[in-house]
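Every value quoted in this text rests on a predicted model; they were computed, and no experiment measured them. Within every chain, numbering begins at 1; the chains are lettered A, B, ... in the order of the sequence lines, protein sequences first and strands thereafter. Heavy-atom basis, side chains included; hydrogens, waters and symmetry copies ignored.
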Amino acid sequence: MRKFGLLLCGWLLGAWGAHAAIDPELLKPLASDDSAVRIDAIAALAQASPEEALPVLKALAEDALAVAGGRMLRVEDGRVFDAASNSELRPPPAGLETIGINNRVRRELSAALAALRLFSAERPVRWQAAQEVTLSADAKMLPLLDKALAAESDPEIRNRLQLAQAQASLGSSDAAVRHAAVRTLGESSDPRVRQLLIPFTEKRGEVWVEADSAVRAAAGTSIRSIEQRLAWADHLGRAFSGLSLGSILLLAALGLAITYGVMGVINMAHGELLMVGAYSAWAMQSVFRAYLPGALDWYLLAAIPVGFLAAALVGVVMERLVIRHLYGRPLETLLATWGISLFLMQVARTLFGAQNVEVANPVWMAGGIEVLPNLMLPWNRIIIVAFSIAVLVAMWAILNLTRLGMFVRAVTQNRPMAGCVGVPTGRIDTLAFGLGAGIAGLGGVALSQIANVGPDMGQGYIVDSFMVVVLGGVGQLAGAVWAALGLGVFTKFLEGWTGAVVAKIVVLVFIIIFIQKRPQGLFALKGRFVEA
Amino acid sequence: MVRRNFMKTLSAVAVTAAFGLNSFGALAAETIKVGVLHSLSGTMAISETALKETVLMAIDEINSKGGVLGKKLEPVVVDPASNWPLFAEKARQLLSKDKVAVTFGCWTSVSRKSVLPVYKELNGLLFYPVQYEGEELEYNVFYTGAAPNQQAIPAVEYLMSKDGGEAKRFVLLGTDYVYPRTTNKILRAFLKSKGVADADIMEEYTPFGHSDYQTIIAKIKKFSSEGKKTAVISTINGDSNVPFYKELGNAGIKATEVPVVAFSVGEEELRGVDTKPLVGHLASWNYFMSLKNPENDKFTKLYRAWAVKQKLPNADKAVTNDPMEATYVGVYMWKQAVEKAKSTDVDKVIAAMAGQTFKAPSGFTIKMDEKNHHLHKPVFIGEIKADGQFNVVWKTPGPVKAQPWSPYIPGNDKKKDQPEGK
């Protein structure tokens, strides 16, 4: 086995060398306009000289195969190689015309590439190839799969290959082989496999498509077990997207839970504090791009403190200059903060332009983990859920474990009394407001990863944020957490059922009715200080 | 960083102010005013800002060659801010206060519908540069974008062809307003005529500015796994496309399994997206930046130079797209018509527009139809490449005449192929 791997490794390496040329006549049809001709050419090439074909096919898949003067060329890192002889051409010929491929060719190409890669020496390459092979396994590939299976020692990859093999032998003329294949496929959790099995249980006209009744029964059992797994994945996926939306709502609303919920300031500029946070992420990205291009992927970590401080600073200035003078006058506060919100939006428009700015996901946030074939959890959402939990824990710790938190609680519970025992209420107000604003900034940093960043992005979240805080019950944090999660999951389940437009309407109507029936929200504060 | 941007904005403001102030200057009598009505903020700014730049660029180019009828063109730029009623207000301002000879503007159909009554009432002239749903033919409007038979129908035919993957099930996904709704109505009728059952069509809409596409992507995954080859036809408009494509890439839906063909996504919209996971997804347009012909070389170079000169954000990566080409063609056809009519009078220019031709960056000489106010345009279908450009995989042999009244909507066969009235 080892020897075989080494051997293969050898010919893979050999392909990069200059020996063993491909017949140029085999390459020519790759540039044809007719997809069918090209697909045949790919198959012929892969069969005639598998070792040499790999770099050529890889180049074709990556838009790196070109024609110049009737000759096939492979472009790699700016260097040009002759595709047939694999020798470098210096100087590179002029007038390179890249060969583009369409989806039909790409499908065949990736199947061919996957088949060639099944024999790679590296496990991750083989694992991926095995997954890709499963997509396209059919009777034609059976000999190849048998060969790969014989050479494979990794149990996980073997498992995959066995599924592919079973899939490929579904069309066998031997009922026993079909029976075994159908039973093996019951282990799969891929919806495509279910599609392949369904014909086995169907009648065409008066005749069963599958003549053998034992195979029919086995197919039925396999379909049921696949469907059970699929239903699981479905629920799991929906719950996760609800959780993800909930965590976003929570991040957006958590800052407001302090400024409005705890301090009682109706802050209409809350959305703009989110915007400040999001623009900080963009600014850090620009700074990293300009000065630290090597560490660009980590700009987001730097954006977290910057976003917090920037938004907190804006919050403190707002509080000192405007809101401080308006405590106890909710209507004026509402109008004044609305004015601040318009002002902040215009400032952003003047500084950064009216168009959205581009904030790219770092590489470590792209893609996702495939939990099941029909359930992929994107990294950016997983990280945001984790981030919101971290922010929540940090905020709980600040409010309950620090001196500042104690003062904040004291002031909100009984201002005159707190003042009497020496708490500097004015300064505490400023700090608490700054804290709320800073947390909004953190929310903004997170939002920059999934939503568009623009001057008026805050407008989209202000309604949602107030909804969460009011629904949860004004005055404490646990309510906001439950309300955000509840709303997230509720919205997602509704969306799956009615569509996004109707879901939005239904959620708003629901909240109106809920607040009518229970004005204090989900969790009401109890005790003497409620009236104050 | 911030400071540089601030200076940039400041100079941009100064330029706009200079344009604005011009209108009060003594030069006013010797210039021809041209209105530019595109959203420069809000959800549509992602798409429309580039069109404003294109109009300004074409005007600058025309002025540097001596203007029109010996007069310089003077742009009047307004920002309707993706706010549909504001479009009508700004249009009225352009026509009655600034007295513009022609307006280039609008992207969404809802904005066009909102300004129509104004142009009819004040007998203005509007050039509309974006693909749309048809079902409209107005005397005061020239449509330089595609009608459904020049974009949507060929795209679906391609998806059903062997090269396109022989799709049998379709997801019609769009933003909730008139263009996607009408286009999907036409497509549904078209698919039915091709024998696709209702159960094999899923229609989904999202509000403008929607940013959470998890549910929709999950639904597409589920729908596509229920049998037969599935394709998605997206009429999502504006900046929602960024989260949609991000989610699509993250969810691992590959173009070889479920191709997504978009009618409102071009090079400009893809600038903010990592396109590597999106390779192979499609768009149907009448122009792509990657087309190779001398006209297009000239056009893309011109725009690049303009972007650098105007210090546009990311000028080094400036791209051109279909609506920009349609805008450019529109400005030049209007110029030719004015020269033919020897006047900027709206009725005379409209009469002179019929049959105008222009060597367009699409590589074809395209013609304004003698009667129906639409261009004859070639159709291209392109697949997204890793660098955000498109690889043309299918095209019509030549320009196609527009059918604003789609034959797939009942009752349209009786409608006339030219504007009513006048």
*Asks:* Donor-acceptor pair, B:Asn250 side chain versus A:Gly368 backbone, under 3.5 Å?
*Replies:* no
*Asks:* Sort B:Pro277 into side chain, backbone, both or neither according to what part of it lies under 4.5 angstrom from a heavy atom of chain A.
*Replies:* neither
*Asks:* So which part of B:Ile217 gets closer than 4.5 Å to some heavy atom of chain A, the side chain, the backbone, both or neither?
*Replies:* neither
*Asks:* Quick test of your reading: applying salt bridge (Lys or Arg N to Asp or Glu O under 4.0 Å), list the pairs with at least one residue in residues 381-391 of chain B, sequence neighbours left out, ordered by first then second residue.
*Replies:* A:Arg106-B:Glu383
*Asks:* Atom NZ of residue position B:Lys219 - does it have more than 12 heavy atoms of other residues, nucleotides or ligands inside 6.0 Å?
*Replies:* yes
*Asks:* Taking 4.5 Å as the heavy-atom cut-off, does anything in residues 377-385 of chain A contact chain B, and if so which residues?
*Replies:* A:Pro378, A:Asn380, A:Arg381
*Asks:* Tell me, please, which residues at least two apart from B:Lys228 pass salt bridge (charged side-chain N to carboxylate O under 4.0 Å, His left out).
*Replies:* B:Asp200
*Asks:* Which atoms of B:Ser240 are under 4.5 Å from chain A, going by heavy atoms: the side chain, the backbone, both sets, or neither?
*Replies:* backbone
*Asks:* Is it true that, when you exclude A:Trp232 itself, more than 12 heavy atoms of the residues, nucleotides or ligands shown sit nearer than 6.0 Å to its CH2?
*Replies:* no
*Asks:* Non-hydrogen atoms of chain A under 4.5 Å away: do they reach the side chain of B:Phe390, the backbone, both or neither?
*Replies:* neither
*Asks:* First locate atom OG of B:Ser82, then atom CG of A:Asp456, and finally report the distance between them rounded to the nearest 0.5 Å.
*Replies:* 8.0 Å
*Asks:* Compare all side-chain heavy atoms of A:Asn452 with those of B:Pro243 and state whether any distance is below 4.5 angstrom.
*Replies:* yes
*Asks:* What residue in A:Gly499, A:Gly100, A:Ser241, A:Ala451 has the most heavy-atom pairs under 4.5 Å with chain B?
*Replies:* A:Ser241
*Asks:* Considering only heavy atoms, which portion of B:Thr49 lies under 4.5 Å from any heavy atom of chain A: side chain, backbone, both, or neither?
*Replies:* side chain
*Asks:* What part of B:Ala218 gets within 4.5 angstrom of chain A, counting heavy atoms only: side chain, backbone, both, or neither?
*Replies:* neither
*Asks:* Does any backbone or side-chain atom of B:Lys292 lie under 4.5 Å from a heavy atom of chain A? Answer side chain, backbone, both or neither.
*Replies:* neither
*Asks:* Can you check side chain to side chain contact (heavy atoms under 4.5 Å, CB included) on B:Gln214 and A:Arg238, steps first, answer last?
*Replies:* CA-CA 9 Å; B:Gln214 296 182 84; A:Arg238 217 172 291 165; over 6 Å; no
*Asks:* Quick check on B:Glu166 against chain A: is it the side chain, the backbone, both or neither that has a heavy atom closer than 4.5 Å?
*Replies:* neither
*Asks:* So do the side chains of B:Glu257 and A:Arg107 get within less than 4.5 Å of each other, counting heavy atoms only?
*Replies:* no
*Asks:* Quick one: salt bridge (charged side-chain N to carboxylate O under 4.0 Å, His left out) partners of A:Lys492, sequence neighbours excluded?
*Replies:* A:Glu495, B:Asp212
*Asks:* Chain A heavy atoms under 4.5 Å from B:Asp176: which part of the residue, side chain, backbone, both or neither?
*Replies:* side chain
*Asks:* Name the region of B:Asn391, side chain, backbone, both or neither, that has any atom closer than 4.5 Å to a heavy atom of chain A.
*Replies:* side chain
